[in-house]
*Asks:* 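Let me give you the structure first, and then I'll get to my questions.
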Amino acid sequence: MDRKLKVGIIGLGLGRHHLAGYASNDQVEIIGVADLDDNRLHEAQSEYEIPETCHAYEDLLTLGPDLVSVALPNFLHAPATVAALDAGVHVLCEKPMAVSVAEAQKMVDAAKRNDRYLMIALNNRFRAESQILKKLIDQGELGEIYYAKTGWLRRRGIPGAGGWFTTKAKSGGGPLIDLGVHMIDLTRWLMGNPKPVTVQGSVYSKFAHTVEDGHYDVEDLAVGFIRLEGGATLIAEASWATNVPQESSYVKLMGTKGGAEITGDKLTVFTEMHDELVDITPIFHGHSWGDCIASEIAHLVTCIQEGKEPMSTGEQGLEMMKILEGIYQSAEQGSTIEIG
Ligand SMILES: NC(=O)c1ccc[n+]([C@@H]2O[C@H](COP(=O)([O-])OP(=O)(O)OC[C@H]3O[C@@H](n4cnc5c(N)ncnc54)[C@H](O)[C@@H]3O)[C@@H](O)[C@H]2O)c1
């Protein structure tokens with residue numbers, strides 16, 4: 001494609017970061033934004049001089065975009081994405097892909113049916129430390145990774161307490177589907193996306209009483225035990241509220257030749273040199289959180305222009321949904337869930 005891509009943004013909460021990412025990309029032209037909230041629409045329009053604003057995402061689709069970002073509450077990801085794909089529009093959909101495996105499957109089917117791109121926005125893959133570690137792993141520096149542990153634990157940090165985030169029918173779940181999705185995805189991606197075979201999980205809701213107004217029927221802490229194809233094991237934990245010293249996120253990988261840890265934005269590789277144990281700290285120019293969304297957007301724009309497959313596909317998102325749904329099912333049934 002030798003012209004700029006026409007893009008639209010649907011949902012202007014986190015979607016404001018998408019807007020900034022598109023605005024910094026000279027290969028796109030922002031043609032419109034959609035949100036039910038007039039204040040958010042007007043703020044975005046005046047800051048970025050956007051030609052069109054709409055309340056309904058269906059109206060944005062009639063403006064003829066090539067690509068839209070879907071940054072709506074989770075339960076609207078599937079309907080908005082399928083509508084966009086059926087209108088012949090490529091989609092960058094925020095995580096989690098959907099609220100269920102069935103909805104995620106509909107999104108993958110719609111992308112195939114319409115021969116359009118569907119990328120799931122997993123911006124942690126685009127952080128500088130993630131990119132460096134992936135390069136080292138792909139060059140064999142860790143050998144066979146057979147054990148991994150990951151998590152994102154907040155001491156107190158229930159998002160939008162009482163609103164859609166804490167309403168299972170609208171969010172699909174609590175911190176597992178909100179934060180855990182980032183860390184499980186990042187870990188599996190670093191490992192080469194091994195398929196999940198079985199999952200077990202436990203979830204807890206111990207802080208519901210702290211939410212005074214609105215609805216709260218999701219977990220505030222989740223733990224998952226995931227067996228992966230090839231024999232590796234991944235343990236994951238996520239909380240919005242639990243009694244830990246402070247918020248932290250981490251990935252720990254243990255391989256036959258070396259290991260690695262990303263803690264916050266610090267990357268350390270554990271290996272051997274000349275029969276000595278050494279720790280290596282790569283030097284990098286850190287990306288800010290906003291930069292990694294701009295990088296993710298630039299990646300998709302280039303893929304569309306050059307006809308390449310993006311590095312975070314709808315199919316991978318569907319596999320992730322099977323893990324998340326499996327953990328919730330396992331927690332409810334007290335059993336091991338086989339992932340087909
Ligand atoms: N990648 C990340 O790190 C990250 C961070 C935060 C949120 N997210 C994801 O982004 C998505 C949005 O989260 P958020 O924090 O921005 O939520 P939010 O509630 O702040 O924003 C959602 C926006 O969607 C609008 N909206 C709701 N229904 C609509 C409709 N039918 N048509 C048009 N607009 C509608 C709302 O008015 C609101 O402005 C979620 O899926 C969340 O998981 C991702």
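Remember, predicted model here, so these are calculated numbers, not experimental data.
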*Asks:* With rounding to the nearest 0.5 angstrom, report the CD1 to CD1 distance, Ile177 to Ile327.
*Replies:* 10.5 Å
*Asks:* Has the side chain of Ser249 got a donor or acceptor atom that lies under 3.5 Å from a matching backbone atom of Trp152?
*Replies:* no
*Asks:* If you draw a 6.0 Å radius around NZ in Lys322, do more than 12 non-hydrogen atoms from other residues or ligands fall strictly inside?
*Replies:* yes
*Asks:* Taking only Lys NZ, Arg NE, NH1 and NH2, and the carboxylate oxygens of Asp or Glu, determine whether Glu144 and Lys257 approach each other closer than 4.0 Å.
*Replies:* no
*Asks:* Does Glu338 CD have over 12 foreign heavy atoms under 6.0 Å away?
*Replies:* no
*Asks:* Using a 4.5 Å cut-off on heavy atoms from C-beta on, say whether the side chain of Ile323 contacts that of Ile226.
*Replies:* yes
*Asks:* Where do Glu261 and Phe270 land on the side-chain contact (heavy atoms from CB on, under 4.5 Å) test, with the steps shown first?
*Replies:* CA-CA 8 Å; Glu261 261 187 46; Phe270 313 107; 3.9 Å; yes
*Asks:* I'd like to know if the side chain of Thr81 reaches the main chain of Met107, judged simply by a donor and an acceptor atom lying under 3.5 Å from each other, with no hydrogens or angles considered.
*Replies:* no
*Asks:* Determine, for Tyr250 and Lys266, whether the Lys NZ or Arg CZ falls below 6.0 Å from the six-membered ring centre while staying within 45 degrees of the axis.
*Replies:* no
*Asks:* Enter the distance from Leu12:CG to His17:NE2 here, rounded to the nearest 0.5 Å.
*Replies:* 11.5 Å
*Asks:* With side chains defined as the heavy atoms from C-beta onward, is the minimum distance between Met320 and Glu315 less than 4.5 Å?
*Replies:* no
*Asks:* Glu43 and Asn39: side-chain donor and acceptor closer than 3.5 Å?
*Replies:* no
*Asks:* Taking 4.0 angstrom as the limit, do Glu29 and Lys6 come out as a salt bridge?
*Replies:* no
*Asks:* Going by an N to O cut-off under 4.0 Å, is there a salt bridge joining Lys206 and Asp220?
*Replies:* no
*Asks:* Within this structure, what is the SG-CG distance for the pair Cys93 and Leu72, rounded to the nearest 0.5 Å?
*Replies:* 8.5 Å
*Asks:* Indicate whether the side chain of Tyr22 and that of Ser69 have a donor and an acceptor atom separated by less than 3.5 Å.
*Replies:* yes
*Asks:* I need the minimum non-hydrogen distance between Met191 and Ala232, along with the two atoms involved.
*Replies:* CE-CB, 3.8 Å
*Asks:* Does any part of the side chain of Ile132, heavy atoms only, come nearer than 4.5 Å to the side chain of Leu267, both counted from C-beta?
*Replies:* yes
*Asks:* Output yes when a side-chain donor or acceptor of His299 lies under 3.5 Å from a complementary backbone atom of Met311, and no otherwise.
*Replies:* yes
*Asks:* Are Phe225 and Met183 co-members of a hydrophobic cluster defined by side-chain heavy atoms under 4.5 Å apart?
*Replies:* no
*Asks:* Any chance CD of Gln333 has more than 12 other-residue heavy atoms, nucleotides or ligands included, within less than 6.0 Å?
*Replies:* yes
*Asks:* Look only at the side chain of His215 and the backbone of Trp164, and say whether a donor-acceptor pair between them is shorter than 3.5 Å.
*Replies:* no
*Asks:* What I'd like to find out is whether the side chain of Thr256 reaches to under 4.5 Å of the side chain of Tyr146, using heavy atoms alone.
*Replies:* yes
*Asks:* Would you say the side chain of Lys168 lies within less than 4.5 Å of the side chain of Tyr328, judging by non-hydrogen atoms?
*Replies:* yes
*Asks:* Report whether Ile235 and Val251 are members of the same hydrophobic cluster (ILVMFWY, side-chain heavy atoms less than 4.5 Å apart, transitive linking).
*Replies:* no
*Asks:* Side-chain donor-acceptor pair under 3.5 Å between Glu94 and His18, yes or no?
*Replies:* yes
*Asks:* So, the side chain of Glu296 versus the backbone of Asn123: is there a donor-acceptor pair under 3.5 Å, distance only?
*Replies:* yes
*Asks:* To the nearest 0.5 Å, how far apart are CZ in Arg227 and CD1 in Ile339?
*Replies:* 13.0 Å
*Asks:* List the steps, then state whether salt bridge (Lys or Arg N to Asp or Glu O under 4.0 Å) holds for Lys95 with Asp185.
*Replies:* CA-CA 10 Å; Lys95 51 50 65 174; Asp185 174 77; over 6 Å; no
*Asks:* For a quick test of reading the model, state the closest non-hydrogen atom pair linking Pro175 to Leu221 and the distance between them.
*Replies:* CG-N, 4.0 Å
*Asks:* Between Val91 and Leu300, which heavy-atom pair has the shortest distance, and what is it?
*Replies:* O-CD2, 4.4 Å
*Asks:* Charged N to carboxylate O below 4.0 Å: is that the case for Arg188 and Glu319?
*Replies:* yes
*Asks:* Does Arg156 have more than 12 heavy atoms from other residues, nucleotides or ligands lying within 6.0 Å of its CZ?
*Replies:* yes
*Asks:* Is the shortest heavy-atom distance from the side chain of Leu190 to the side chain of Leu133 under 4.5 Å?
*Replies:* yes
*Asks:* Applying the 4.5 Å side-chain criterion to the ILVMFWY set and letting contacts propagate, would Val278 and Leu136 be lumped into a single cluster?
*Replies:* yes
*Asks:* Got a donor-acceptor contact below 3.5 angstrom from the Ser171 side chain to the Phe165 backbone?
*Replies:* yes
*Asks:* Same hydrophobic cluster for Val82 and Met97, using side-chain heavy-atom links shorter than 4.5 Å among ILVMFWY?
*Replies:* yes
*Asks:* Does any N or O in the side chain of Tyr117 come within less than 3.5 Å of the main-chain N or O of Lys308, such that one atom is a donor and the other an acceptor?
*Replies:* yes
*Asks:* Using modelled atom types and a 3.5 Å cut-off, is there a donor and acceptor pairing between side-chain atoms of Lys134 and backbone atoms of Trp189?
*Replies:* yes
*Asks:* Sub-3.5 Å donor-acceptor pair from the side chain of Glu219 to the main-chain atoms of Tyr204, do we have one?
*Replies:* no
*Asks:* Any donor-acceptor pair under 3.5 Å linking the side-chain atoms of Asn114 with those of Asp86?
*Replies:* yes
*Asks:* Quick check against the 3.5 Å criterion: does Thr166 have a side-chain atom that pairs as donor or acceptor with the backbone of Gly162?
*Replies:* yes
*Asks:* State, to 0.1 Å, how close Val99 and Lys170 come at their nearest heavy-atom pair, and which atoms those are.
*Replies:* CG1-O, 3.8 Å
*Asks:* Hydrophobic cluster membership, with links at side-chain heavy-atom distances under 4.5 Å among I/L/V/M/F/W/Y: are Leu234 and Leu153 in one?
*Replies:* no
*Asks:* Would you say Val199 and Thr336 make side-chain contact, with heavy atoms under 4.5 Å?
*Replies:* no
*Asks:* Flag yes if more than 12 heavy atoms outside Glu332 fall under 6.0 Å of its CD atom; otherwise flag no.
*Replies:* no
*Asks:* Indicate yes or no: does Lys4 engage Asp26 in a salt bridge with an N to O separation below 4.0 Å.
*Replies:* no
*Asks:* Please find the pair of heavy atoms, one from Leu228 and one from Val197, that lie closest to each other, and give the distance.
*Replies:* C-CG2, 3.7 Å
*Asks:* Regarding His55 and Asp37, is there a side-chain donor-to-acceptor distance under 3.5 Å anywhere?
*Replies:* no
*Asks:* So, applying side-chain hydrogen bond (donor to acceptor under 3.5 Å, both in side chains) with His182, which one of Asn124, Thr187, Thr150 is it?
*Replies:* Asn124
*Asks:* With salt bridge (Lys or Arg N to Asp or Glu O under 4.0 Å) as the test, would you mind laying out the steps for Asp66 and Arg116 before giving the verdict?
*Replies:* CA-CA 10 Å; Asp66 300 300; Arg116 298 287 91 181; over 6 Å; no
*Asks:* What heavy-atom pair brings Ser205 and Tyr216 nearest, and what distance separates the two atoms?
*Replies:* OG-CE2, 3.5 Å
*Asks:* With a cut-off of 6.0 Å (strictly less than), are more than 12 heavy atoms of other residues, nucleotides or ligands near CG of Asp213?
*Replies:* no
*Asks:* Is the shortest heavy-atom distance from the side chain of Leu324 to the side chain of Leu176 under 4.5 Å?
*Replies:* yes
*Asks:* Check step by step if salt bridge (Lys or Arg N to Asp or Glu O under 4.0 Å) holds for Lys135 and Glu141.
*Replies:* CA-CA 9 Å; Lys135 199 193 302 181; Glu141 294 295 340; over 6 Å; no
